[in-house]
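As the structure is a prediction and not an experimental result, all values here were calculated from the model.
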Amino acid sequence: VAIILVLIVLFLAWSAWPFFGLFGLARAVQSGDIAKIEERVDYPALGRSLSGQVLATYARLSGLPLDRGLVGNLASAIADPLVTKIISRLALAQFLQNGWPTPVLGDRPPSIPAPNWNALGDVWQLYANAQYGLRDFSLRLPVTEPRARQYRVTLTLEGLTWKLTGFELPDEVLERLARELLKQK
């Protein structure tokens, strides 16, 4: 009985641990504390996540085949400077707060939802929307919005800290970013 109780407690602690990382990131984003945000972000992984999303949308809108060859490298060379602007210190803090890269694209259109770190939902909503792996955890925000208007936050365990490694964007935000790339091209 004691072993079963210990296993249950360990399982509950393991299940809750990523949420503590998420709430720590949410507090840092809400307060605009750039230093705390930097502690909880894996910038190279986040950059790859955003670049991949923007490139896929760019390829779809422009009709370019996205492959690993010359076209893929050219598209990546175009997208990387935009993503670098988005994940700069101040821009990333604003991007995580608003769900919109204000320094890159100007003010957020009212039709685009914000991630809303203040209303993460109750424990059951969070747990129902979470996806667990051994070292990965993801959650869609805001939990009350339809999937097409949600952001997907991915945290990965690095050492003993859960770090932001992915920020999947709603289609509307991705299309705006891809259109910005098309203008720059």
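No side-chain heavy atom of L139 sits less than 4.5 Å from a side-chain heavy atom of L155. Contact check for L160 versus W17: side-chain heavy atoms found under the 4.5 Å cut-off. Considering only heavy atoms from C-beta on, I86 stays 4.5 Å or farther from V54 through its side chain. The shortest side-chain heavy-atom distance between T154 and L164 does not fall under the 4.5 Å cut-off.
Not counting sequence neighbours, R27 has no partner by the salt bridge (charged side-chain N to carboxylate O under 4.0 Å, His left out) test. A search for side-chain contact (heavy atoms from CB on, under 4.5 Å) contacts involving I8 returns I4, L12, not counting sequence neighbours. Looking at residues two or more places apart in sequence or on another chain, you find no salt bridge (charged side-chain N to carboxylate O under 4.0 Å, His left out) involving R176.
Screening residues 92-109 for salt bridge (Lys or Arg N to Asp or Glu O under 4.0 Å) gives no qualifying pairs among residues at least two apart or on separate chains. Applying the ring pair (Phe, Tyr, Trp, His ring centres under 6.0 Å) test to pairs two or more places apart or on separate chains, those with a residue in residues 139-160 are Y151-F167.
Separation of atoms CG (L92) and OH (Y43) is listed at 5.0 Å; rounding is to 0.5 Å. Between atom CG of residue L141 and atom CG of residue N129 there is a gap of 8.5 Å, rounded to the nearest 0.5 Å. Rounded to the nearest 0.5 angstrom, R149 CZ and D171 CG are separated by 11.0 Å.
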**OP:** Apply side-chain contact (heavy atoms from CB on, under 4.5 Å) to F95 and I87, showing your working.
**Re:** CA-CA 8 Å; F95 187 44; I87 64 171; 5.9 Å; no
**OP:** Start with the C-alpha gap between L177 and V83, add the side-chain angles, then the distance that decides, and say whether side-chain contact (heavy atoms from CB on, under 4.5 Å) holds.
**Re:** CA-CA 9 Å; L177 288 171; V83 170; over 6 Å; no
Original post:
E175 and R60: salt bridge (charged side-chain N to carboxylate O under 4.0 Å, His left out), yes or no, with the steps?
Top reply: CA-CA 10 Å; E175 287 178 7; R60 183 175 47 84; 3.4 Å; yes
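Using a 3.5 Å distance cut-off with no hydrogens or angles, the side chains of R140 and Q131 do not pair a donor with an acceptor. T156 and D136 share a donor-acceptor pair across their side chains, judged by distance under 3.5 Å alone.
The cluster map of Ile, Leu, Val, Met, Phe, Trp and Tyr, joined by side-chain heavy atoms under 4.5 Å apart, puts F20 and V153 in different clusters.
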Ignoring hydrogens and angles, write down the donor-acceptor pairs under 3.5 Å from the side chains of residues 33-41, residues two or more places apart or on other chains.
| residue | atom | partner | partner atom | Å |
| --- | --- | --- | --- | --- |
| D33 | OD1 | A35 | N | 3.3 |
| D33 | OD1 | K36 | N | 3.3 |
| E38 | OE2 | R89 | NE | 2.9 |

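The shortest non-hydrogen separation linking G166 to S49 is CA-OG, 3.5 Å. Between Q53 and E168, the shortest heavy-atom distance links the atoms OE1-CA, 3.2 Å. The shortest non-hydrogen separation linking K163 to D42 is CB-N, 4.2 Å. In this structure, P170 and A148 approach most closely via the heavy-atom pair CB-O, 3.4 Å. Of all heavy-atom pairs spanning L134 and W14, the tightest one is O-CZ2, 2.8 Å. Residues T57 and A178 share a closest heavy-atom pair of CG2-CB, 3.8 Å.
In this structure a side-chain-to-backbone donor-acceptor pair under 3.5 Å is present from Q150 to E145. Under the 3.5 Å distance criterion, the side-chain polar atoms of Y132 are matched with a main-chain donor or acceptor of S15.
Between F19 and F23, the ring planes are tilted. Angles from 30° to 60° get that label.
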